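Counting starts at 1 for both ligands and their atoms, in listed order. Since the model is a prediction, treat every value here as computed from it, not as a measurement.
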Amino acid sequence: MLKKLIPTYYYKSIYDIPLQELYDSGIRLILTDLDNTLISYKETMPNEKLFEFKKEVERIGFEFILVSNSRKERVTNFAKAFDIPCVKFSTKPLKRGIKKAINKVAKKKYNKDEIMIMGDQMMTDILGGNRCKIKTCLIRPVDKSTEINVTKNNRRIEQFFLNRIKKRKKYKDIYNEKLKEFDEA
Ligand SMILES: [Mg+2]
């Protein structure tokens, strides 16, 4: 179980992701979470900086798909404004929504090692990605203070597992490298 919560990569924010490096390592499709990954729960629309990020993602040559657990209209509205395909109510950490993005929404067929999911929650984005055996990228939440109750509850569970990972000798290096900063944020 603990192993399935450990991301392939960790970065402070999406703007710290070395996109070209990931592309060169073979990644071609990026699935992204919305809430607290691209924008906070309070925001509804992409800002200038986010559009710049997307431009860079596309310039390098990635395919980019939004995969959100939210059922709300704001996901569709955001995706439209951001001009990116989306799967909403994706039920992460279940495989369903992620598989739909990979098999039905993506324009091309990709091998699993060409796909990465990025998000701010270990219990949904990372666990879901690892279950699908794709690469996973954990980033720190944009603004924790805006989180809704479901997410707050997920955070409590996340913290429980973070503490367990922290205590395990065999995960010491992994914790320090990929989770410490996230944990202490
Ligand atoms: Mg999120």
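With 3.5 Å as the limit, one finds a donor-acceptor pair spanning the side chains of Asp16 and Ser13. For the residue pair Lys88/Ser70, the side-chain donor-acceptor check at 3.5 Å is not satisfied.
Taking backbone and side-chain atoms together, Asp120 has an N/O/S atom less than 2.8 Å away from the Mg ion (ligand 1).
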>> For a salt bridge (Lys or Arg N to Asp or Glu O under 4.0 Å) check, start with the C-alpha distance between Glu147 and Arg155, then their side-chain angles and the critical distance, and finish with the verdict.
In response: CA-CA 10 Å; Glu147 281 174 350; Arg155 290 282 177 224; 2.8 Å; yes
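Take the N/O/S atoms of Asp35: the one nearest the Mg ion (ligand 1) is O. Looking at Asp33, its N, O or S atom nearest to the Mg ion (ligand 1) turns out to be OD2.
Using cut-offs of 30° and 60° for the angle between ring planes, the Tyr11 and Tyr9 rings count as parallel.
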